Chemist: 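Quick one: structure below, then a few questions.
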Amino acid sequence: MSEERFEFGANWRRFLETVDEERVAAAIASLRRLLRVETLAGRRFLDVGSGSGLFSLAAHRLGATVHSFDFDPQSVACTREIQSRFAPAAPDWTIEQGSALDSGYLDQLEPADVVYSWGVLHHTGEMWRAMDLVRERVASGGTLAIALYNDQGEITGRWVGVKRLYQRLPGLLRPLLVGTVGGVMLADRVARSIAGAFVRAATLQNPLQPVRQFSRRLAGPEPRGMHRWYDLVDWVGGWPFEVAKPEDVVDFLSERGFRLRWLTTCGGKLGCNEFVFTRDP
């Protein structure tokens, strides 16, 4: 594993200050959409890399028996804080420190009906090995739900440079880099929205539609109950960092007895591709 490592848990600690029932409800809705279920009652849910603990809480609220673990001690502490704040009497929710790369630890865990790892395995430093180990924790006929950074080719190489720069900067200058990157990304999206308006005007369509759509996304609630600033900090600083093409992930797991059920891509752009697999009996 790379010696350089972003302080994921410290970022989650700051995010926890923003968590309320509205964010919890958004996380629950997101988990329902991803898994296409209304309830997880009677099912075992393994949260690999629980981070803030928000989605462990969502699974708990949906009725699952939850086991959460994370490599980062601060992330483990965040998950425990979420539990103490929102589910203080939850004997069916256990939280531990552990690594997705530790085969000995994983072998001790009971296979789960749902193994969930959103935006985690690509930060382990050994993404494909982590995926190979984690998929073994899926019970026969169970579900594996993962999200991995999209491979953008040459553009991905530029992001590697940004992340390495973040690691080298002193702490006081890191927010400046995050803000600069965020400003550039926002300007690009504004420019695309304006360009879309001109295209629609030229084709005698309502030119304000793309602008309104962009405004609604910007003003609306953060997806998955997250927070835009802390997501941006995670993106700019998140290291180790790996990416994958959707077809490579599908091939990798198909060869290991998994069948793709749903795939939501980010359209070849920046972001995570979401995969939901079923393990063949």
Side-chain angles (χ1 to χ4, degrees), residues 1-18 48-52 54 70-78 99-101 117-131 146-193 195 214 217-218 222-246 248-249 265-274:
M1 183 178 293
S2 171
E3 293 182 1
E4 294 180 328
R5 186 171 183 84
F6 174 72
E7 293 182 342
F8 293 97
N11 193 47
W12 287 126
R13 171 66 62 187
R14 292 185 284 270
F15 165 73
L16 284 193
E17 297 175 5
T18 73
V48 179
S50 57
S52 68
L54 182 59
D70 201 293
F71 172 80
D72 189 320
Q74 290 194 71
S75 293
V76 175
C78 288
S99 170
L101 296 174
S117 190
W118 208 104
V120 173
L121 304 182
H122 52 226
H123 287 315
T124 60
E126 297 182 64
M127 180 179 68
W128 296 104
R129 178 169 175 261
M131 203 183 316
I146 57 176
L148 301 170
Y149 281 140
N150 183 50
D151 186 348
Q152 293 183 280
E154 182 180 342
I155 297 175
T156 294
R158 297 174 192 167
W159 282 115
V160 169
V162 170
K163 290 170 180 290
R164 288 193 176 278
L165 174 60
Y166 181 95
Q167 292 295 330
R168 296 188 183 108
L169 285 176
L172 291 176
L173 294 181
R174 288 176 175 177
L176 180 60
L177 176 62
V178 174
T180 301
V181 171
V184 171
M185 293 171 68
L186 178 61
D188 178 68
R189 291 174 184 175
V190 170
R192 290 175 184 271
S193 179
F214 174 75
R217 285 198 300 269
L218 193 63
E222 294 86 351
R224 304 179 61 249
M226 296 290 100
H227 188 286
R228 289 188 176 90
W229 173 255
Y230 298 116
D231 274 359
L232 183 61
V233 172
D234 185 294
W235 167 248
V236 174
W239 189 268
F241 167 72
E242 293 178 80
V243 297
K245 294 179 179 179
D248 292 339
V249 176
T265 73
C266 52
K269 301 176 183 177
L270 171 69
C272 287
N273 298 314
E274 295 180 324

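When a residue number appears, it is its place in the shown sequence, counting from 1. This structure is a prediction, so every number in the text was calculated from the model and none was measured.
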Chemist: Measure the OG-CE distance between S117 and M131 for me, rounded to the nearest 0.5 Å.
Modeler: 9.5 Å
Chemist: May I ask you to test the F15-V233 pair for a side-chain heavy-atom distance under 4.5 Å?
Modeler: no
Chemist: Could you pull out the closest heavy-atom pair between C78 and G51, with the gap in Å?
Modeler: CB-O, 3.8 Å
Chemist: Side-chain contact, heavy-atom cut-off 4.5 Å: V249 with I146?
Modeler: yes
Chemist: R228 versus L232: any side-chain heavy-atom pair under 4.5 Å?
Modeler: no
Chemist: Students often mix this up, so state it plainly: with edges at 30° and 60°, are the rings of Y149 and F241 parallel, tilted or perpendicular?
Modeler: tilted
Chemist: Which atom names give the shortest non-hydrogen contact between M127 and V243, and what distance separates them?
Modeler: CE-O, 3.3 Å
Chemist: Say whether, by atom type as modelled, one donor and one acceptor occur between the side chain of N150 and the main chain of G271 under 3.5 angstrom.
Modeler: no
Chemist: Can you see which heavy atom on L121 is nearest to which on V48, and at what distance?
Modeler: CD2-CG1, 4.3 Å
Chemist: Do you know which two heavy atoms are closest between C272 and A147, and how far apart they sit?
Modeler: CB-CB, 4.1 Å
Chemist: Judged by atom type as modelled, is there a donor-acceptor pair below 3.5 Å linking the side chain of K163 to the main-chain atoms of G238?
Modeler: yes
Chemist: Ignoring hydrogens, what is the shortest heavy-atom contact between P246 and N273? Give both atom names and the distance.
Modeler: CG-ND2, 3.4 Å
Chemist: Return the minimal non-hydrogen interatomic distance between G171 and P175, and the atom names on each side.
Modeler: O-CD, 3.2 Å
Chemist: May I have the step-by-step check of side-chain contact (heavy atoms from CB on, under 4.5 Å) for L54 and W12, ending in yes or no?
Modeler: CA-CA 10 Å; L54 182 59; W12 287 126; over 6 Å; no
Chemist: Please round to the nearest 0.5 Å and tell me the distance separating atom CE of M226 and atom OG1 of T18.
Modeler: 8.0 Å
Chemist: Say whether, by atom type as modelled, one donor and one acceptor occur between the side chain of R174 and the main chain of Q167 under 3.5 angstrom.
Modeler: yes
Chemist: Is the closest side-chain heavy-atom distance between F6 and N11 below 4.5 Å?
Modeler: yes
Chemist: Take W128 and D248, measure what side-chain contact (heavy atoms from CB on, under 4.5 Å) needs, and give me the verdict at the end.
Modeler: CA-CA 10 Å; W128 296 104; D248 292 339; 4.0 Å; yes
Chemist: Apply ring-ring contact (aromatic ring centres under 6.0 Å, His included) to the pair W235 and Y166, showing each step before the final yes or no.
Modeler: CA-CA 11 Å; W235 167 248; Y166 181 95; over 10 Å; no
Chemist: Is there side-chain contact between Y230 and R14, with heavy atoms separated by less than 4.5 Å?
Modeler: yes
Chemist: Taking D70 for the side chain and V76 for the main chain, is one N or O donor matched with an acceptor at less than 3.5 Å?
Modeler: no
Chemist: What I'd like to find out is whether the side chain of F71 reaches to under 4.5 Å of the side chain of T124, using heavy atoms alone.
Modeler: no
Chemist: Start with the C-alpha distance between L270 and W159, add both sets of side-chain angles, then the distance that settles side-chain contact (heavy atoms from CB on, under 4.5 Å), and finish with yes or no.
Modeler: CA-CA 10 Å; L270 171 69; W159 282 115; 4.0 Å; yes
Chemist: Is the backbone N or O of H123 less than 3.5 Å from a side-chain atom of E242, with the two atoms forming a donor-acceptor pair by type?
Modeler: no
